[in-house]
Amino acid sequence: MKNVYDVLLERGYIEQITHEEEVKELLSKERVTFYIGFDPTADSLHLGHFIQIMVMMHMQKFGHKPIALVGGGTAKIGDPSGRTDMRQMLSNEDLIHNGNMLRKQMEKYLVLDGENGYVANNADWLDQLEYVPFIREIGSKFSVNRMLTAECFKQRLEKGLSFLEFNYMIMQAYDFLELERRFGCQMQLGGNDQWSNIIAGVDLVRRMDSKSVFGLTFKLLLTSEGTKMGKTAKGAIWIDSSKTSPYEMFQYLRNVEDADVENCLRLLTFLPMDEVKALSALEGSEINKAKEVLAFEFTKIVHGEEEAQKALDAARALFAGGGDSDSIPTTEFSKEKFEVGLPILDLLMEIGLIPSKAEGKRLIQQNGLIVQDVLVSDFAQVLTLSDFKEDVLMIRKGKKVFHRIQLKD
RNA sequence: GGAGGGGUUCCCGAGUGGCCAAAGGGGGCGGACUGUAAAUCCGUUAUCAGCGAUUUCGAAGGUUCGAAUCCUUCUCCCUCCA
């Protein structure tokens, strides 16, 4: 029987680890309670977070117990790690709302029933801390000299760092202590940008409770160019299907660069490693198969098999033969709108395909718009019911963006 | 609290009275080439009913025929001093 540690290592998740031998042994012997924190800065997780979820899923498969920690308290401070500027402050209501949304999402992928896994919110303890007792008890355990040498503050020391954010590390360290006391949490995992925060926690638990706890970080999901993956012009690739449709998510992965395929297959799917290797070994246009598998598998994990299949079918239909399918982005319109005729630019605006009419004109002037398989050359064109075929109108922007207009009564 | 420097279009960054809707780069978008890839090349990148109009250079006023550029106040940021 393999150990999770070996699996994580083999798939390439692991970046840094506090005590390699001990962790390896611990994970092979006991059910280990571990945690990963997510600050509720938005109302959905995104692709970048999902790597953490994947690790938690791997861990849980091997019987370990995840604590999904919602950072309702720490989000009020804002993690300066990897940031060049201060985060925008969120209102309390937003934080609560976002926290609930994240919690719901995590419950889809992990068993968090209080038996095999837990959900916690650090606002529960952080919000009630009293300043003087806290800095007396916990603050005394930190050396400012040492904190300042931490990687996560380095950049900010040049740009400016508020005292508020400087406290983030201490809060996160305190979380670990609190979770160790409440749940017997023995490990904290996180993205590599969390390394300084994690070791601060490991140290704190040692000093306070003389217990050995461990930290482990994973690779961040980066493109081969070194930029963060999962960002598009429109924003992040969200897990929430109302923010990013399964089809869009599928397309995003279908279009990753060749160089990133292997990494994504390892980190974002559960395919056995020999299969991953076989797929990544494909060359030339063959690699498209690997991309398709990647897109399908990941969409399946996030949205389920049915949605993944729909996205796959839609993609194949559109790119192979221009047919239509029902899972590409669709907007419904009432017939009356087209009885009088709707200028094409107005339609594009309404479905959000263009941000302004000027941009729409440019698009058309540059031969980038195709409606019902016909290149649009006149931006003043007006669409009427006669342009529809069986109540459907297919719009294609550029080479890859499709949108369907569906008529209803 | 004192002294100095600065806030420019999505981002970085030029511009110090008219030639500025504002150089250059990045990013985005479209096209060509391809494999729904990368690299490369071309075009484009404030808004609006069309060569015209309207709104932009931290905010509000002012000077001027005319301001991103000058003046006043406010605001935010940075550096040095305390």
Side-chain angles (χ1 to χ4, degrees), chain A residues 80 83-89 155-165 222-237 245-265 279-296 298-299 311-323 325 327-329 341-349 352-371 375-382 394-403:
Chain A
R83 288 214 135 221
T84 51
D85 54 350
M86 198 164 138
R87 278 173 200 275
Q88 220 196 327
M89 290 273 196
Q155 199 180 15
R156 294 298 297 279
L157 282 178
E158 282 164 28
K159 283 243 152 197
L161 175 73
S162 68
F163 181 68
L164 175 74
E165 294 173 284
L222 298 175
T223 65
S224 53
E225 320 243 289
T227 55
K228 272 194 187 167
M229 209 160 153
K231 297 263 172 185
T232 67
K234 278 191 223 154
I237 299 292
S245 72
Y247 175 79
E248 283 173 280
M249 173 180 280
F250 183 96
Q251 281 300 314
Y252 181 82
L253 288 159
R254 178 58 248 262
N255 283 315
V256 295
E257 294 177 27
D258 289 5
D260 296 321
V261 172
E262 174 165 6
N263 207 238
C264 289
L265 281 169
L279 284 167
S280 333
L282 294 173
E283 283 185 14
S285 60
E286 287 286 292
I287 196 138
N288 277 319
K289 281 185 196 157
K291 291 186 189 179
E292 199 175 80
V293 172
L294 166 67
F296 178 80
F298 185 69
T299 310
L312 177 65
D313 291 343
R316 281 185 175 163
L318 291 171
F319 287 96
S325 164
S327 68
I328 65 163
L342 188 61
I344 193 153
L345 291 175
D346 289 329
L347 178 67
L348 293 175
M349 285 289 283
L353 231 44
I354 52 169
S356 70
K357 291 188 183 179
E359 198 140 314
K361 278 182 204 169
R362 239 172 264 137
L363 180 72
I364 289 168
Q365 273 155 5
Q366 295 180 135
N367 292 335
L369 189 71
I370 291 173
V371 172
L375 186 68
V376 177
S377 53
D378 175 14
F379 58 72
Q381 187 177 335
V382 174
M394 282 298 299
I395 297 174
R396 186 175 142 200
K397 170 181 172 260
K399 278 182 283 193
K400 297 185 205 165
V401 183
F402 294 85
H403 201 103

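Atoms considered below: every heavy atom in the structure, side chains included; atoms not considered: hydrogens, waters and symmetry mates. So that the names make sense, note that chain A is the first sequence line, chain B the second, and so on, each numbered from 1.
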How would you label the contact of A/Gln251 with the nucleic acid (heavy atoms, under 4.0 Å): base, sugar-phosphate, or nothing?
-> base
Does A/Lys357 put a side-chain nitrogen or oxygen below 4.0 Å from OP1 or OP2 of B/A49?
-> yes
Could you tell me whether a side-chain N or O of A/Arg254 sits under 3.5 Å from a main-chain N or O of A/Val256, the two making a donor and an acceptor?
-> no
Nearest-Å distance, CZ (A/Arg396) to P (B/C29)?
-> 15 Å
Could you work out the separation of B/C71 and B/G52 based on their C1' atoms and round it to a whole Å?
-> 34 Å
C1' atom, B/U63 versus B/C29: distance in rounded Å?
-> 42 Å
Should A/Leu348 and A/Lys357 count as side-chain neighbours, where that means a heavy-atom distance under 4.5 Å?
-> no
Nearest-nucleotide wise, let me know which of A/Phe250 and A/Glu359 is further upstream toward the 5' end of RNA chain B.
-> A/Phe250
Check: A/Gln366 side chain, B/G43 base, donor-acceptor under 3.5 Å | yes
Which part of the nucleic acid does A/Asn367 contact within heavy-atom distance under 4.0 Å: base, sugar-phosphate only, or nothing?
-> sugar-phosphate
Between A/Leu363 (CG) and B/G31 (C1'), how many Å, whole number?
-> 11 Å
Roughly how many Å is it from CZ in A/Arg254 to C1' in B/U34, rounded to a whole number?
-> 13 Å
How is A/Val261 classified with respect to the nucleic acid when contacts are heavy atoms under 4.0 Å: base, sugar-phosphate, or nothing?
-> nothing
Between A/Gly398 and A/Leu312, who's closer to the 5' end of RNA chain B by nearest nucleotide?
-> A/Gly398
Just how far, in rounded Å, is C1' of B/A49 from CZ of A/Phe379?
-> 9 Å
Out of B/G30, B/A37, B/U45, whichever nucleotide has its closest atom nearest the side chain of A/Glu257 | B/A37
Identify the nucleotide, in any strand shown, that forms a Watson-Crick or G-U wobble pair with B/G1, with both distances under 3.5 Å; if there is none, say none.
-> B/C81
Could you measure between the two C1' atoms, the one in B/C70 and the one in B/G18, and give it in whole Å?
-> 14 Å
What's the shortest heavy-atom distance between A/Leu369 and A/Ile344, and which atoms?
-> CD2-CD1, 3.8 Å
So what does A/Leu369 hit on the nucleic acid, given a heavy-atom distance under 4.0 Å: a base, only sugar-phosphate, or nothing?
-> nothing
When the C1' atoms of B/A68 and B/A23 are considered, how many whole Å apart are they?
-> 14 Å
If B/A49 has a Watson-Crick or G-U wobble mate with both distances under 3.5 Å, name it; if not, just say none.
-> none
Provide the distance between the two C1' atoms, one in B/G43 and one in B/A49, to the nearest whole Å.
-> 25 Å
Salt bridge between A/Glu292 and A/Lys289, side-chain N to carboxylate O under 4.0 Å?
-> no
Please report, rounded to the nearest Å, how far the P atom of B/C29 is from the NZ atom of A/Lys400.
-> 9 Å
Under a 3.5 Å limit on both distances, the Watson-Crick or wobble mate of B/U56 is none
Span that lies between the C1' atom of B/G7 and that of B/U56, in whole angstrom = 15 Å
Pairing nucleotide - B/C70, Watson-Crick or G-U, each distance under 3.5 Å = B/G62
OP1 or OP2 of B/U47 sitting under 4.0 Å from any side-chain N/O of A/Arg362?
-> yes
Gap in Å between the two C1' atoms, one belonging to B/G66 and one to B/C20, rounded | 13 Å
A/Asp260 has an atom CG; how far is it from atom P of B/G35, in whole Å?
-> 20 Å
To the nearest 0.5 angstrom, please state how far the CG atom of A/Leu345 sits from the CG atom of A/Leu342.
-> 10.0 Å
For B/U40, the Watson-Crick or wobble partner whose two distances fall under 3.5 Å = B/A32
Atom pair distance, as rounded to whole Å: CZ in A/Arg316 and C1' in B/G35 | 15 Å
Return the value, rounded to whole Å, for the distance between atom CG of A/Leu353 and atom C1' of B/G30.
-> 13 Å
Nearest-0.5 Å distance that lies between atom OG in A/Ser280 and atom CG in A/Asp260 = 11.5 Å
List the steps and the verdict of side chain to side chain contact (heavy atoms under 4.5 Å, CB included) for A/Leu253 and A/Lys291.
-> CA-CA 7 Å; A/Leu253 288 159; A/Lys291 291 186 189 179; over 6 Å; no
Partner nucleotide, any strand, of B/A21 [Watson-Crick/G-U, under 3.5 Å] | none
Expressed in whole Å, how much space separates the P atoms belonging to B/G15 and B/G6?
-> 11 Å
